[in-house]
There are 2 protein chains.
Amino acid sequence: MPNETMPNFINKRAFLTPDRTAVYFQEKTYSFKELYDRSLKVAGQLQALGLQQDQYVGVLLKNHLDTVVILFALQLLGVKAVILNNRLTPAELAWQLNDSKASFLVLEEAFEKMELEQLSRVKTITTERLFQVEPVEPAIIDEISLSDICTIMYTSGTTGNPKGVMQTYGNHWWSSVGSALNLGQMESDCWLCSVPLFHISGFSILMRSVIYGMPIVLHDHFDVERTITDIQEKKVTIMSVVGTMLTGIVEALNDRRLPDQFRCMLLGGGPAALPLLQACVEKEIPVFQTYGMTESSSQIVTLSPEYSLAKLGSAGKTLFPAQLKIVLDNGCPAKAGEAGEIAVKGANVTQGYLYRPEATKEKFRDGWFYTGDIGYMDEEGFLYVIDRRSDLIISGGENIYPAEIEAVLLAHPSVADAGVTRIDDLKWGQVPAAFIVKREDITKDELQQFCHTHLAKYKVPKAFYFVEKLPRNAAKKLLRRELREWVADNENRLN
Amino acid sequence: MPNETMPNFINKRAFLTPDRTAVYFQEKTYSFKELYDRSLKVAGQLQALGLQQDQYVGVLLKNHLDTVVILFALQLLGVKAVILNNRLTPAELAWQLNDSKASFLVLEEAFEKMELEQLSRVKTITTERLFQVEPVEPAIIDEISLSDICTIMYTSGTTGNPKGVMQTYGNHWWSSVGSALNLGQMESDCWLCSVPLFHISGFSILMRSVIYGMPIVLHDHFDVERTITDIQEKKVTIMSVVGTMLTGIVEALNDRRLPDQFRCMLLGGGPAALPLLQACVEKEIPVFQTYGMTESSSQIVTLSPEYSLAKLGSAGKTLFPAQLKIVLDNGCPAKAGEAGEIAVKGANVTQGYLYRPEATKEKFRDGWFYTGDIGYMDEEGFLYVIDRRSDLIISGGENIYPAEIEAVLLAHPSVADAGVTRIDDLKWGQVPAAFIVKREDITKDELQQFCHTHLAKYKVPKAFYFVEKLPRNAAKKLLRRELREWVADNENRLN
């Protein structure tokens, strides 16, 4: 099928525009040719270790030039990258490595002390050691199929167990193209990436760099002053942020303004607060609200330039190649203004979850992916996201699934029942809070400590409430919406 | 398969950016919403006439707003447009209508006198009458499949009989996207279209307009002063030209310069002469040489901005989504600098010829389309097209196939044998010339007159040479390369 294959993205970009800048990292500049040469060498080193096309390989890395090189090397070899969130606990990481049947793990020195090789029994190599391996001639894949898996990123869900989202080359390609057709794409563009490369928000910037031939400014973490300086000095035109980052930028800017060439502040990771958006209008920061998820390989809805003011608070319209509809509880399509579940469709949307046909089947109907998020479309078709899926907690851009925390809490012998919901937080937007029915006596501190040993830090509940009974329906399903009302009640009582 | 469907392009564009300008035509401006509303009405009128999804419908129209509306209306209905070259003779048109099994023909009043309904027995309606039909509620296709046929354009070939090139929505989509990734695509873009909409060069501009949300300036024919004025007044940034048009612009500009916002003169339709390219460098006209064909839904190779000077004369590198290789006569891949046949692959390349599985099979090997054109790639991968397929004549951007003219000449009772080749022409680049072996006495004028009744004007040979015998190989195959040497000899003798 000629329309399903494409040249290997990494090859092709180095061939087309070898001398263009690809990455600015730590005051150094790397061209697409330099990046390609490094990736080619690392591909030879990975192959010397026995890595082969179509294997799954875990990567546990921070935002760094080496990470870009390793991710590109894997693409050159046709190896599927299981991109791990480096904020997770060793137990969580080991689980994902085993679940994905990864044959290898490449990690940074900093993460070696987690002893993942022992935990997961997956063969492990640090980047330092990898870069010392004698390379062999790598078997580079010249042509890819758009239906080939490029990356796996884990998301949790209502079931508690994380699921590996399969992201194909086609998913990334269509996502990049959809974004370009909406935002425009020009030779002077430069995208600042300080969101994690292990999230689709960061990884998609890397793919756009390759597909557009566009330089990125890569930061190892978000630093507001460095951001403002680099936007000026590196002539950054676009940046991806979540609410907490944007708040930081707005505050730090004070009376300063971003330079004229800066044309797009792409705001994702959950609904933004109106006061923040209004502050951005005042400071002339061109905010483009977006809506997307790991399953849609980043943005699927973005507010077009001409509507950024008139439709403040909307996530915009669906990108050209994709489709979106609002579905009522009874399965019927919603009318304009009527809220329902957001369903999406498009070549940027995942084909499903790795080794999880049942979970995949649950989320798809007639080719549409049911997001679980709630929203409505106005008369003109602009999407307003009212609420991420009722159980989802978005904390500083990280997705947290209550079921996962509940499973940990229920594993404690003193806990008879547990329910987790979100509470608002000035800094992080939202943080998790737990409702506990005690079996035996236990303190909040003890529970928090217990969670720390099993969960990434950002997932540990910031508040614990002891209650007699949790709200469950006839089928014993936990009613988390009610928990949120309890939180509101509790806060009123406490304040 | 979720990655094979997309929203109907016409619908989606009107939905996304209804108020943006879509077309400037004859001093009027039409937004995407206005264009959509008109197309919707015409879709209702076409449906009232009985047109249904998946039918083939001929269109014989000039560059006009009505043409855009009709072509969009057909896309809304999922009707496949057989786009006819309005320079053809009635017999040629009738042949294509019947070959495509068109169930209908929409034509302009001006073409009514050709009596195509009688000739082809295909039901015919003029645009004037169409626009007076009482519309019904049209059955609009909300979702298209990228593998659905959108348009058919006929090209001739070595066999003489024209073949219908099947262009799918996917072909047009990938062509548009590949072009955008190479040239960039920004909100300020505006593309001037004075090449025919019935050629892929013009039609592809229309598709880009819809896919990018970009205005086009549509001219009914190429007029050099109107071109220069409109580039200035409508802030045109890109224009598609063939050599003869560009020569006209360069001459007319004289000491004037095109405005700064004008960023791309896309030069297709055959190899350009070096003196013309050099004149453009002097006049600061940003020429992007391209190489493409009906079968690749326009450009597949374009010279990137950064190389437009250093690689003068090259057609550039293959667009990001596509692939190209040079194949030697023995089937082996050519080395850098070595000339051979150009083969291309990509989702912009046609799946083949309508109802012609054998002809399709001949041109495709392992998913690669063999163009018949001759070229080489330099060490850096830049393509140099030495020669379009040896038998092809490109006259003012129109492709002319000698076999078709030979078939007409051979039908004349006084002609025993005929061979057609090209001669250089200052105005048109190339024109056809015929070598005739006489059976009975006949003059050049009589032969030219005979051709005029059977062939479009631009296909009629401009020179006739009477010879004793034509160069044919053992298998009696005409050796057109030798004919070209004869032409050179003849010119030397004549000059």
Side-chain angles (χ1 to χ4, degrees), chain A residues 1-7 9 12-13 15-20 142-143 146-147 168 170-171 173-174 176-177 180-189 210-213 263 304-307 316-324 344-351 364 366-369 380-381, chain B residues 1-7 9 12-13 15-20 142-143 146-147 168 170-171 173-174 176-178 180-189 210-213 263 304-307 316-324 345-351 364 366-369 380-381:
Chain A
M1 296 282 289
N3 61 350
E4 287 204 332
T5 59
M6 260 184 81
F9 295 176
K12 182 76 186 220
R13 177 46 62 197
F15 166 74
L16 281 180
T17 56
D19 303 324
R20 275 195 207 167
D142 287 329
E143 191 177 83
L146 289 183
S147 58
T168 61
N171 292 151
W173 167 264
W174 285 82
S176 285
V177 167
L181 290 176
N182 182 43
L183 299 179
Q185 174 250 326
M186 42 199 95
E187 232 192 308
S188 57
D189 273 336
V210 173
I211 291 169
Y212 305 169
R263 66 185 187 86
S304 256
E306 54 256 71
Y307 299 106
K317 291 179 176 176
T318 322
L319 298 188
F320 196 96
Q323 298 178 74
L324 184 144
V344 295
K345 186 175 180 180
N348 59 319
V349 176
T350 183
Q351 308 268 341
F364 285 88
D366 299 327
W368 290 81
F369 174 71
E380 291 170 83
Chain B
M1 294 282 290
N3 62 349
E4 288 204 332
T5 59
M6 261 184 78
F9 295 176
K12 183 74 186 223
R13 177 46 62 197
F15 166 73
L16 281 179
T17 55
D19 303 324
R20 276 195 206 167
D142 287 329
E143 192 178 82
L146 289 183
S147 58
T168 62
N171 293 151
W173 167 263
W174 284 81
S176 285
V177 166
L181 290 175
N182 182 44
L183 300 179
Q185 174 249 327
M186 42 199 94
E187 232 192 309
S188 57
D189 274 336
V210 173
I211 291 169
Y212 306 169
R263 66 186 187 86
S304 255
E306 52 257 73
Y307 300 105
K317 292 179 176 176
T318 323
L319 298 188
F320 196 97
Q323 298 179 73
L324 185 143
K345 186 174 180 180
N348 59 319
V349 176
T350 182
Q351 308 269 339
F364 284 88
D366 300 326
W368 289 81
F369 173 72
E380 291 170 83

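Convention: sequence-line order gives letters A, B, ...; per-chain numbering from 1.
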Hey, are the side chains of B:Glu4 and A:Glu4 touching, using non-hydrogen atoms and a 4.5 Å cut-off?
yes
Beyond-backbone contact of A:Lys345 with B:Glu143, side-chain heavy atoms, under 4.5 angstrom
yes
Who among B:Val210, B:Asn348, B:Asn171 has the most heavy-atom pairs with chain A under 4.5 Å?
B:Val210
Please step through side chain to side chain contact (heavy atoms under 4.5 Å, CB included) for the pair A:Gln351 and A:Phe364, ending with a clear verdict.
CA-CA 9 Å; A:Gln351 308 268 341; A:Phe364 285 88; over 6 Å; no
Contact part of A:Ile211 toward chain B, heavy-atom cut-off under 4.5 Å: side chain, backbone, both or neither?
both
Winner by heavy-atom pair count (cut-off under 4.5 Å) against chain B, out of A:Arg13, A:Glu380, A:Lys317
A:Lys317
Sidechain N-carboxylate O distance under 4.0 Å for B:Arg263, B:Asp189:
yes
Among A:Leu319, A:Thr318, A:Val177, single out the residue with the greatest number of heavy-atom pairs under 4.5 Å to chain B.
A:Thr318
Which atoms of B:Thr168 are under 4.5 Å from chain A, going by heavy atoms: the side chain, the backbone, both sets, or neither?
neither
Quick check against the 3.5 Å criterion: does B:Tyr212 have a side-chain atom that pairs as donor or acceptor with the backbone of B:Ala180?
yes
Taking every heavy-atom pair that is under 4.5 Å apart, which of B:Phe9, B:Trp368, B:Trp173 has the most such pairs with chain A?
B:Trp173
